[in-house]
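Within every chain, numbering begins at 1; the chains are lettered A, B, ... in the order of the sequence lines, protein sequences first and strands thereafter. All values reported here derive from a predicted model rather than from experimental measurement.
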Protein chains: 2
Amino acid sequence: MPRAGLTADRVTLAGAELADEVGLDHVTMAAVARRLGVKDASLYAHVRGLEDLRGRIALLAADEKTIRIAEATAGRAGRDALVAFANAWRRYAHDHPGRYTATQIPTQIDPELLALAPGPRRAVELTYSMLRAYALDEPDLTDAVRLMRSMLHGFVSLEAAGGFAHARPAEESWVRGLDALHTLLEHWPARREGDPA
Amino acid sequence: MPRAGLTADRVTLAGAELADEVGLDHVTMAAVARRLGVKDASLYAHVRGLEDLRGRIALLAADEKTIRIAEATAGRAGRDALVAFANAWRRYAHDHPGRYTATQIPTQIDPELLALAPGPRRAVELTYSMLRAYALDEPDLTDAVRLMRSMLHGFVSLEAAGGFAHARPAEESWVRGLDALHTLLEHWPARREGDPA
DNA sequence: GGGGGAGCCTATAGATCCTAGGAAAGGTGG
DNA sequence: CCACCTTTCCTAGGATCTATAGGCTCCCCC
(Lines give C-alpha, C1' and ligand atoms only; values in the text may rest on other atoms or scores of the structure.)
Protein backbone atom coordinates (compact mmCIF):
# COMPACT_ATOMS: atom_id res chain seq x y z
CA MET A 1 0.00 0.00 0.00
CA PRO A 2 1.41 3.39 -0.98
CA ARG A 3 2.25 5.78 1.83
CA ALA A 4 0.37 9.01 2.10
CA GLY A 5 3.53 10.88 2.95
CA LEU A 6 2.22 12.51 6.07
CA THR A 7 4.11 15.12 7.98
CA ALA A 8 3.26 17.50 10.77
CA ASP A 9 3.32 20.30 8.21
CA ARG A 10 1.11 18.48 5.74
CA VAL A 11 -1.41 17.68 8.46
CA THR A 12 -1.37 21.29 9.57
CA LEU A 13 -1.89 22.51 6.02
CA ALA A 14 -4.83 20.17 5.49
CA GLY A 15 -6.31 21.43 8.73
CA ALA A 16 -5.80 25.03 7.67
CA GLU A 17 -7.47 24.47 4.31
CA LEU A 18 -10.35 22.78 6.02
CA ALA A 19 -10.64 25.64 8.49
CA ASP A 20 -10.96 28.14 5.65
CA GLU A 21 -13.63 26.03 3.98
CA VAL A 22 -15.86 24.99 6.86
CA GLY A 23 -14.79 27.12 9.81
CA LEU A 24 -12.22 26.44 12.47
CA ASP A 25 -14.46 24.64 14.88
CA HIS A 26 -15.54 22.16 12.27
CA VAL A 27 -11.93 21.15 11.92
CA THR A 28 -11.78 17.74 13.47
CA MET A 29 -9.18 15.00 13.51
CA ALA A 30 -11.57 12.76 11.64
CA ALA A 31 -12.28 15.36 8.96
CA VAL A 32 -8.61 16.11 8.42
CA ALA A 33 -7.89 12.39 8.16
CA ARG A 34 -10.64 11.99 5.56
CA ARG A 35 -9.26 14.86 3.54
CA LEU A 36 -5.82 13.23 3.56
CA GLY A 37 -7.23 9.81 2.71
CA VAL A 38 -5.97 8.36 5.93
CA LYS A 39 -7.36 6.94 9.14
CA ASP A 40 -7.62 9.37 11.99
CA ALA A 41 -5.38 7.35 14.27
CA SER A 42 -2.54 7.92 11.83
CA LEU A 43 -2.52 11.64 12.51
CA TYR A 44 -1.47 11.17 16.10
CA ALA A 45 1.98 10.15 14.95
CA HIS A 46 2.54 13.69 13.66
CA VAL A 47 0.38 15.86 15.84
CA ARG A 48 -0.23 15.56 19.55
CA GLY A 49 -3.98 15.97 19.25
CA LEU A 50 -6.67 18.43 18.24
CA GLU A 51 -5.43 21.20 20.53
CA ASP A 52 -1.95 20.83 19.15
CA LEU A 53 -3.26 20.91 15.60
CA ARG A 54 -5.16 24.12 16.24
CA GLY A 55 -2.06 25.69 17.72
CA ARG A 56 -0.07 24.70 14.66
CA ILE A 57 -2.69 26.19 12.37
CA ALA A 58 -2.48 29.40 14.38
CA LEU A 59 1.28 29.55 13.98
CA LEU A 60 1.04 28.80 10.28
CA ALA A 61 -1.42 31.62 9.91
CA ALA A 62 0.79 34.00 11.87
CA ASP A 63 3.73 33.17 9.63
CA GLU A 64 1.73 33.57 6.43
CA LYS A 65 0.18 36.81 7.54
CA THR A 66 3.55 38.22 8.51
CA ILE A 67 5.03 37.31 5.16
CA ARG A 68 2.22 39.04 3.33
CA ILE A 69 2.64 42.16 5.42
CA ALA A 70 6.39 42.16 4.89
CA GLU A 71 5.96 41.90 1.14
CA ALA A 72 3.28 44.56 1.06
CA THR A 73 5.26 47.10 3.04
CA ALA A 74 8.65 46.47 1.45
CA GLY A 75 10.03 49.68 0.03
CA ARG A 76 7.23 51.82 1.39
CA ALA A 77 7.28 54.35 4.16
CA GLY A 78 5.00 56.59 6.16
CA ARG A 79 1.41 56.67 5.13
CA ASP A 80 1.92 54.32 2.20
CA ALA A 81 3.46 51.73 4.45
CA LEU A 82 0.64 52.05 6.97
CA VAL A 83 -2.05 51.52 4.36
CA ALA A 84 -0.20 48.62 2.77
CA PHE A 85 0.32 47.04 6.16
CA ALA A 86 -3.32 47.32 7.11
CA ASN A 87 -4.65 46.16 3.77
CA ALA A 88 -2.40 43.12 3.78
CA TRP A 89 -3.67 42.26 7.25
CA ARG A 90 -7.30 42.60 6.28
CA ARG A 91 -6.87 40.79 2.99
CA TYR A 92 -5.28 37.84 4.73
CA ALA A 93 -8.23 37.60 7.06
CA HIS A 94 -10.62 37.68 4.12
CA ASP A 95 -8.66 35.12 2.10
CA HIS A 96 -8.19 32.76 5.03
CA PRO A 97 -11.00 33.23 7.53
CA GLY A 98 -10.46 29.91 9.24
CA ARG A 99 -6.74 30.39 9.62
CA TYR A 100 -7.33 33.92 10.85
CA THR A 101 -9.72 32.90 13.57
CA ALA A 102 -7.14 30.34 14.65
CA THR A 103 -4.83 33.21 15.53
CA GLN A 104 -7.36 34.40 18.09
CA ILE A 105 -7.27 31.33 20.26
CA PRO A 106 -6.17 32.29 23.74
CA THR A 107 -4.99 28.75 23.91
CA GLN A 108 -1.61 28.02 25.26
CA ILE A 109 0.32 27.02 22.17
CA ASP A 110 3.13 24.59 22.77
CA PRO A 111 5.88 27.02 23.87
CA GLU A 112 8.57 24.97 22.22
CA LEU A 113 6.71 25.15 18.92
CA LEU A 114 6.05 28.84 19.33
CA ALA A 115 9.72 29.54 19.87
CA LEU A 116 10.47 28.05 16.47
CA ALA A 117 7.84 30.02 14.58
CA PRO A 118 9.25 33.25 13.21
CA GLY A 119 5.85 34.82 12.47
CA PRO A 120 4.76 36.33 15.75
CA ARG A 121 8.13 37.83 16.61
CA ARG A 122 8.67 39.12 13.12
CA ALA A 123 5.23 40.71 13.07
CA VAL A 124 6.06 42.73 16.15
CA GLU A 125 9.35 43.87 14.61
CA LEU A 126 7.63 44.92 11.40
CA THR A 127 5.06 46.92 13.26
CA TYR A 128 7.56 48.73 15.41
CA SER A 129 9.86 49.56 12.55
CA MET A 130 6.97 50.89 10.49
CA LEU A 131 5.64 53.07 13.28
CA ARG A 132 9.07 54.45 14.00
CA ALA A 133 8.47 56.73 11.02
CA TYR A 134 5.99 58.61 13.19
CA ALA A 135 8.64 59.80 15.61
CA LEU A 136 7.10 58.42 18.77
CA ASP A 137 9.20 57.76 21.84
CA GLU A 138 8.69 54.96 24.28
CA PRO A 139 6.38 54.23 25.93
CA ASP A 140 4.17 55.99 23.41
CA LEU A 141 5.50 53.83 20.63
CA THR A 142 4.40 50.65 22.38
CA ASP A 143 1.00 52.15 23.11
CA ALA A 144 0.62 53.15 19.48
CA VAL A 145 1.59 49.70 18.28
CA ARG A 146 -0.99 48.17 20.54
CA LEU A 147 -3.64 50.64 19.47
CA MET A 148 -3.00 49.91 15.83
CA ARG A 149 -3.07 46.16 16.30
CA SER A 150 -6.28 46.50 18.31
CA MET A 151 -7.95 48.55 15.65
CA LEU A 152 -6.93 46.30 12.77
CA HIS A 153 -7.81 43.10 14.54
CA GLY A 154 -11.01 44.51 15.93
CA PHE A 155 -12.23 45.77 12.60
CA VAL A 156 -11.47 42.56 10.78
CA SER A 157 -12.94 40.50 13.56
CA LEU A 158 -16.17 42.48 13.79
CA GLU A 159 -16.44 42.47 10.03
CA ALA A 160 -16.15 38.69 9.93
CA ALA A 161 -18.75 38.36 12.66
CA GLY A 162 -21.18 40.42 10.63
CA GLY A 163 -20.94 43.39 12.95
CA PHE A 164 -21.19 45.96 10.17
CA ALA A 165 -24.34 44.70 8.57
CA HIS A 166 -26.92 46.54 6.50
CA ALA A 167 -25.38 49.95 6.39
CA ARG A 168 -22.49 51.86 4.94
CA PRO A 169 -20.08 49.50 3.17
CA ALA A 170 -17.38 48.27 5.51
CA GLU A 171 -14.78 49.06 2.88
CA GLU A 172 -15.47 52.77 3.11
CA SER A 173 -15.30 52.83 6.87
CA TRP A 174 -12.03 50.96 6.58
CA VAL A 175 -10.46 53.54 4.29
CA ARG A 176 -11.60 56.39 6.49
CA GLY A 177 -10.43 54.53 9.56
CA LEU A 178 -6.95 54.30 8.11
CA ASP A 179 -7.03 58.03 7.45
CA ALA A 180 -7.95 58.55 11.06
CA LEU A 181 -5.25 56.20 12.30
CA HIS A 182 -2.63 57.97 10.23
CA THR A 183 -3.70 61.34 11.51
CA LEU A 184 -3.68 60.06 15.04
CA LEU A 185 -0.17 58.69 14.74
CA GLU A 186 1.06 61.99 13.39
CA HIS A 187 -0.54 63.90 16.25
CA TRP A 188 -0.19 61.47 19.11
CA PRO A 189 -1.50 63.26 22.20
CA ALA A 190 0.81 64.16 25.04
CA ARG A 191 0.22 62.59 28.41
CA ARG A 192 -2.49 64.17 30.47
CA GLU A 193 -2.01 64.72 34.16
CA GLY A 194 -2.89 61.51 35.96
CA ASP A 195 -1.94 59.33 33.02
CA PRO A 196 0.43 56.46 33.63
CA ALA A 197 4.04 57.12 32.86
CA MET B 1 -39.20 12.81 41.33
CA PRO B 2 -38.90 16.59 41.84
CA ARG B 3 -38.66 18.72 38.76
CA ALA B 4 -35.50 20.67 38.16
CA GLY B 5 -37.48 23.64 36.91
CA LEU B 6 -35.64 24.00 33.65
CA THR B 7 -36.21 26.86 31.28
CA ALA B 8 -34.47 28.13 28.20
CA ASP B 9 -33.16 31.03 30.28
CA ARG B 10 -31.93 28.83 33.09
CA VAL B 11 -30.15 26.56 30.65
CA THR B 12 -28.58 29.58 28.98
CA LEU B 13 -27.44 30.98 32.32
CA ALA B 14 -25.87 27.69 33.32
CA GLY B 15 -24.09 27.59 29.98
CA ALA B 16 -22.87 31.17 30.45
CA GLU B 17 -21.52 30.44 33.92
CA LEU B 18 -19.77 27.38 32.62
CA ALA B 19 -18.31 29.37 29.74
CA ASP B 20 -16.78 31.86 32.17
CA GLU B 21 -15.32 29.07 34.25
CA VAL B 22 -13.90 26.69 31.67
CA GLY B 23 -14.00 28.56 28.37
CA LEU B 24 -16.68 28.72 25.75
CA ASP B 25 -15.57 25.73 23.74
CA HIS B 26 -15.65 23.49 26.76
CA VAL B 27 -19.32 24.30 27.12
CA THR B 28 -21.01 21.12 26.11
CA MET B 29 -24.57 19.88 26.39
CA ALA B 30 -23.38 17.13 28.67
CA ALA B 31 -21.49 19.52 30.93
CA VAL B 32 -24.41 21.93 31.22
CA ALA B 33 -26.71 19.03 32.03
CA ARG B 34 -24.35 17.83 34.76
CA ARG B 35 -24.24 21.31 36.25
CA LEU B 36 -28.02 21.41 36.34
CA GLY B 37 -28.31 17.89 37.77
CA VAL B 38 -30.16 16.67 34.74
CA LYS B 39 -29.63 14.30 31.84
CA ASP B 40 -28.42 15.89 28.64
CA ALA B 41 -31.41 14.76 26.64
CA SER B 42 -33.59 16.90 28.85
CA LEU B 43 -31.99 20.09 27.62
CA TYR B 44 -33.27 19.60 24.10
CA ALA B 45 -36.78 20.44 25.25
CA HIS B 46 -35.63 23.99 25.95
CA VAL B 47 -32.81 24.61 23.54
CA ARG B 48 -32.53 23.47 19.97
CA GLY B 49 -28.98 22.19 20.36
CA LEU B 50 -25.45 23.30 21.07
CA GLU B 51 -25.38 25.94 18.35
CA ASP B 52 -28.60 27.40 19.62
CA LEU B 53 -27.26 27.45 23.17
CA ARG B 54 -24.15 29.30 22.10
CA GLY B 55 -26.26 31.84 20.27
CA ARG B 56 -28.37 32.37 23.38
CA ILE B 57 -25.28 32.85 25.50
CA ALA B 58 -24.07 35.44 22.99
CA LEU B 59 -27.35 37.34 23.22
CA LEU B 60 -27.33 37.16 27.00
CA ALA B 61 -23.84 38.58 27.00
CA ALA B 62 -24.81 41.36 24.61
CA ASP B 63 -27.70 42.33 26.85
CA GLU B 64 -25.63 42.29 30.00
CA LYS B 65 -22.80 44.24 28.46
CA THR B 66 -25.19 46.85 27.12
CA ILE B 67 -26.79 47.30 30.51
CA ARG B 68 -23.43 47.81 32.15
CA ILE B 69 -22.45 50.38 29.56
CA ALA B 70 -25.75 52.19 29.93
CA GLU B 71 -25.34 52.38 33.69
CA ALA B 72 -21.75 53.51 33.43
CA THR B 73 -22.42 56.30 30.97
CA ALA B 74 -25.65 57.55 32.52
CA GLY B 75 -25.35 61.23 33.32
CA ARG B 76 -21.95 61.60 31.73
CA ALA B 77 -20.95 63.36 28.58
CA GLY B 78 -17.97 63.95 26.35
CA ARG B 79 -14.69 62.56 27.51
CA ASP B 80 -16.11 61.23 30.76
CA ALA B 81 -18.74 59.28 28.90
CA LEU B 82 -16.20 57.87 26.48
CA VAL B 83 -13.95 56.61 29.25
CA ALA B 84 -16.86 55.18 31.21
CA PHE B 85 -18.19 53.47 28.12
CA ALA B 86 -14.85 51.90 27.28
CA ASN B 87 -14.07 50.82 30.81
CA ALA B 88 -17.46 49.20 31.22
CA TRP B 89 -16.87 47.29 27.98
CA ARG B 90 -13.45 46.10 29.03
CA ARG B 91 -14.52 45.24 32.55
CA TYR B 92 -17.36 43.11 31.26
CA ALA B 93 -14.93 41.18 29.12
CA HIS B 94 -12.67 40.63 32.12
CA ASP B 95 -15.49 39.61 34.43
CA HIS B 96 -17.11 37.27 31.91
CA PRO B 97 -14.49 36.02 29.49
CA GLY B 98 -16.54 33.07 28.31
CA ARG B 99 -19.65 35.13 27.71
CA TYR B 100 -17.58 37.75 25.95
CA THR B 101 -16.03 35.33 23.52
CA ALA B 102 -19.51 34.09 22.77
CA THR B 103 -20.30 37.52 21.35
CA GLN B 104 -17.62 36.99 18.73
CA ILE B 105 -19.17 33.99 17.09
CA PRO B 106 -19.82 34.78 13.44
CA THR B 107 -22.51 32.23 13.82
CA GLN B 108 -25.90 32.87 12.44
CA ILE B 109 -27.94 33.39 15.57
CA ASP B 110 -31.58 32.43 15.25
CA PRO B 111 -32.96 35.65 13.68
CA GLU B 112 -36.22 35.32 15.53
CA LEU B 113 -34.36 35.17 18.82
CA LEU B 114 -32.11 38.03 17.86
CA ALA B 115 -35.08 40.23 17.07
CA LEU B 116 -36.29 39.80 20.64
CA ALA B 117 -32.99 40.64 22.29
CA PRO B 118 -32.69 44.36 23.08
CA GLY B 119 -28.93 44.28 23.68
CA PRO B 120 -27.38 44.58 20.24
CA ARG B 121 -29.75 47.29 19.01
CA ARG B 122 -29.49 49.25 22.23
CA ALA B 123 -25.71 49.05 22.15
CA VAL B 124 -25.64 50.71 18.76
CA GLU B 125 -27.98 53.44 19.94
CA LEU B 126 -25.85 54.12 23.01
CA THR B 127 -22.71 54.37 20.94
CA TYR B 128 -24.21 56.76 18.43
CA SER B 129 -25.74 59.00 21.02
CA MET B 130 -22.49 59.18 22.94
CA LEU B 131 -20.42 60.01 19.89
CA ARG B 132 -22.86 62.67 18.82
CA ALA B 133 -21.17 64.88 21.41
CA TYR B 134 -18.18 65.05 19.06
CA ALA B 135 -20.11 66.90 16.37
CA LEU B 136 -19.49 64.47 13.53
CA ASP B 137 -21.78 64.36 10.54
CA GLU B 138 -22.69 61.26 8.61
CA PRO B 139 -21.06 59.31 7.23
CA ASP B 140 -18.18 60.23 9.50
CA LEU B 141 -20.24 59.40 12.54
CA THR B 142 -20.79 55.85 11.39
CA ASP B 143 -17.13 55.48 10.55
CA ALA B 144 -16.18 56.79 13.97
CA VAL B 145 -18.57 54.41 15.69
CA ARG B 146 -17.07 51.50 13.81
CA LEU B 147 -13.54 52.63 14.57
CA MET B 148 -14.32 52.89 18.25
CA ARG B 149 -15.96 49.50 18.40
CA SER B 150 -13.05 48.00 16.49
CA MET B 151 -10.54 49.45 18.85
CA LEU B 152 -12.34 48.43 22.02
CA HIS B 153 -13.11 44.94 20.85
CA GLY B 154 -9.67 44.47 19.35
CA PHE B 155 -7.87 45.57 22.48
CA VAL B 156 -9.94 43.41 24.77
CA SER B 157 -9.68 40.48 22.43
CA LEU B 158 -5.92 40.69 22.00
CA GLU B 159 -5.53 41.18 25.73
CA ALA B 160 -7.52 38.03 26.43
CA ALA B 161 -5.48 36.09 23.89
CA GLY B 162 -2.30 37.10 25.64
CA GLY B 163 -1.23 39.42 22.87
CA PHE B 164 0.28 42.01 25.21
CA ALA B 165 2.56 39.72 27.12
CA HIS B 166 5.77 40.48 28.94
CA ALA B 167 5.97 44.20 28.44
CA ARG B 168 4.32 47.43 29.45
CA PRO B 169 1.18 46.77 31.49
CA ALA B 170 -1.87 46.55 29.27
CA GLU B 171 -3.70 48.87 31.63
CA GLU B 172 -1.41 51.77 30.82
CA SER B 173 -1.68 51.28 27.11
CA TRP B 174 -5.42 51.19 27.57
CA VAL B 175 -5.55 54.54 29.33
CA ARG B 176 -3.31 56.14 26.75
CA GLY B 177 -5.31 54.54 23.97
CA LEU B 178 -8.47 56.17 25.30
CA ASP B 179 -6.67 59.52 25.34
CA ALA B 180 -5.75 58.96 21.74
CA LEU B 181 -9.27 57.94 20.80
CA HIS B 182 -10.71 61.02 22.44
CA THR B 183 -8.26 63.27 20.66
CA LEU B 184 -9.00 61.58 17.39
CA LEU B 185 -12.73 62.05 17.77
CA GLU B 186 -12.25 65.71 18.51
CA HIS B 187 -10.09 66.17 15.44
CA TRP B 188 -11.61 63.76 12.99
CA PRO B 189 -9.75 64.20 9.72
CA ALA B 190 -11.53 65.58 6.66
CA ARG B 191 -11.86 63.39 3.64
CA ARG B 192 -8.81 63.20 1.45
CA GLU B 193 -9.14 63.27 -2.29
CA GLY B 194 -9.90 59.77 -3.50
CA ASP B 195 -11.60 58.79 -0.27
CA PRO B 196 -15.03 57.26 -0.47
CA ALA B 197 -17.91 59.61 -0.01
C1' DG C 1 19.68 -8.15 1.04
C1' DG C 2 18.72 -8.06 5.62
C1' DG C 3 17.86 -5.47 9.86
C1' DG C 4 15.48 -1.65 11.85
C1' DG C 5 12.80 2.29 12.09
C1' DA C 6 9.04 4.77 10.54
C1' DG C 7 4.34 5.10 8.57
C1' DC C 8 -0.08 3.66 8.55
C1' DC C 9 -3.36 0.26 9.94
C1' DT C 10 -7.09 -2.29 13.00
C1' DA C 11 -9.27 -2.53 17.36
C1' DT C 12 -11.04 -0.48 21.26
C1' DA C 13 -12.61 2.61 25.07
C1' DG C 14 -14.80 6.70 26.45
C1' DA C 15 -17.22 11.09 25.47
C1' DT C 16 -20.22 13.75 22.87
C1' DC C 17 -24.59 15.28 20.13
C1' DC C 18 -29.02 14.35 19.15
C1' DT C 19 -33.56 11.63 18.31
C1' DA C 20 -37.34 8.68 19.74
C1' DG C 21 -40.49 7.22 22.74
C1' DG C 22 -42.14 6.46 27.73
C1' DA C 23 -43.40 7.69 32.54
C1' DA C 24 -44.65 10.81 35.94
C1' DA C 25 -45.58 15.51 37.94
C1' DG C 26 -48.83 19.20 38.15
C1' DG C 27 -52.46 22.01 36.52
C1' DT C 28 -57.51 21.88 34.72
C1' DG C 29 -62.38 20.72 34.01
C1' DG C 30 -66.14 17.98 35.30
C1' DC D 1 -62.26 14.30 44.18
C1' DC D 2 -60.99 12.25 40.06
C1' DA D 3 -59.75 11.75 35.23
C1' DC D 4 -57.31 14.00 31.63
C1' DC D 5 -53.69 16.41 29.34
C1' DT D 6 -49.71 19.07 28.88
C1' DT D 7 -45.21 19.60 30.20
C1' DT D 8 -41.03 17.86 32.09
C1' DC D 9 -37.71 14.73 32.46
C1' DC D 10 -36.16 10.03 31.79
C1' DT D 11 -34.14 5.64 29.46
C1' DA D 12 -32.36 3.71 25.24
C1' DG D 13 -29.70 3.94 21.34
C1' DG D 14 -27.18 5.44 16.91
C1' DA D 15 -23.67 8.25 14.92
C1' DT D 16 -19.50 10.82 15.31
C1' DC D 17 -15.49 12.10 17.54
C1' DT D 18 -10.87 11.93 20.47
C1' DA D 19 -7.30 9.23 21.86
C1' DT D 20 -4.40 4.92 23.01
C1' DA D 21 -2.34 0.34 22.13
C1' DG D 22 -0.37 -2.74 19.39
C1' DG D 23 0.59 -4.97 14.72
C1' DC D 24 1.94 -5.18 9.87
C1' DT D 25 4.52 -3.45 6.02
C1' DC D 26 7.10 -0.36 3.42
C1' DC D 27 11.52 1.81 2.68
C1' DC D 28 16.07 3.42 3.89
C1' DC D 29 20.75 2.30 5.05
C1' DC D 30 24.48 -0.42 5.98
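Under the 3.5 Å distance criterion, the side-chain polar atoms of R68(A) are left unmatched by any main-chain donor or acceptor of W89(A).
One can place CE of M29(B) at 16 Å from C1' of dT16(D), the figure rounded to the nearest angstrom. Between D25(A) atom CG and dC17(D) atom P there is a gap of 14 Å when expressed in whole angstrom units. Distance CG (L36(B)) to C1' (dT8(D)): 14 Å, rounded to an integer number of Å. dT16(C) atom P lies 17 Å from atom CD of E51(B), rounded to whole Å. Counting to the nearest Å, the P atom of dG7(C) and the CZ atom of R10(A) are 13 Å from each other. As rounded to whole Å, 18 Å separates atom P of dA15(C) from atom CG of L50(B). Atom OH of Y44(A) is separated from atom C1' of dG23(D) by 19 Å (rounded to the nearest Å). We find that NE2 of H26(B) is positioned 13 Å from C1' of dT16(C), with the value rounded to whole Å.
Distance check, rounded to the nearest 0.5 Å: CE of M148(A) to CE of M130(A) gives 3.5 Å. Of the inter-residue distances, the one linking L185(B) atom CG with L147(B) atom CG reads 7.5 Å to the nearest 0.5 angstrom.
A30(B) comes within contact range of the sugar-phosphate backbone alone, with a heavy-atom separation under 4.0 Å but no base atom that close. Within 4.0 Å (heavy atoms only), R48(A) reaches no atom of the nucleic acid at all. The residue A31(A) sits apart from the nucleic acid: no heavy atom pair falls under 4.0 Å. Counting non-hydrogen atoms under 4.0 angstrom, S42(A) reaches a base of the nucleic acid.
Phosphate contact (OP1/OP2 of dA6(C), side-chain N/O of H46(A), threshold under 4.0 Å): absent. Between T28(B) and the phosphate of dC17(C), there is a side-chain N or O to OP1/OP2 separation shorter than 4.0 Å.
Aromatic ring centres of W174(B) and F155(B) lie closer together than 6.0 Å.
If you check dC9(D), dT16(C), dA21(D) against the side chain of A41(A), the one that comes closest is dA21(D).
The aromatic rings of H153(B) and Y100(B) sit tilted relative to each other, their planes meeting at an angle between 30° and 60°.
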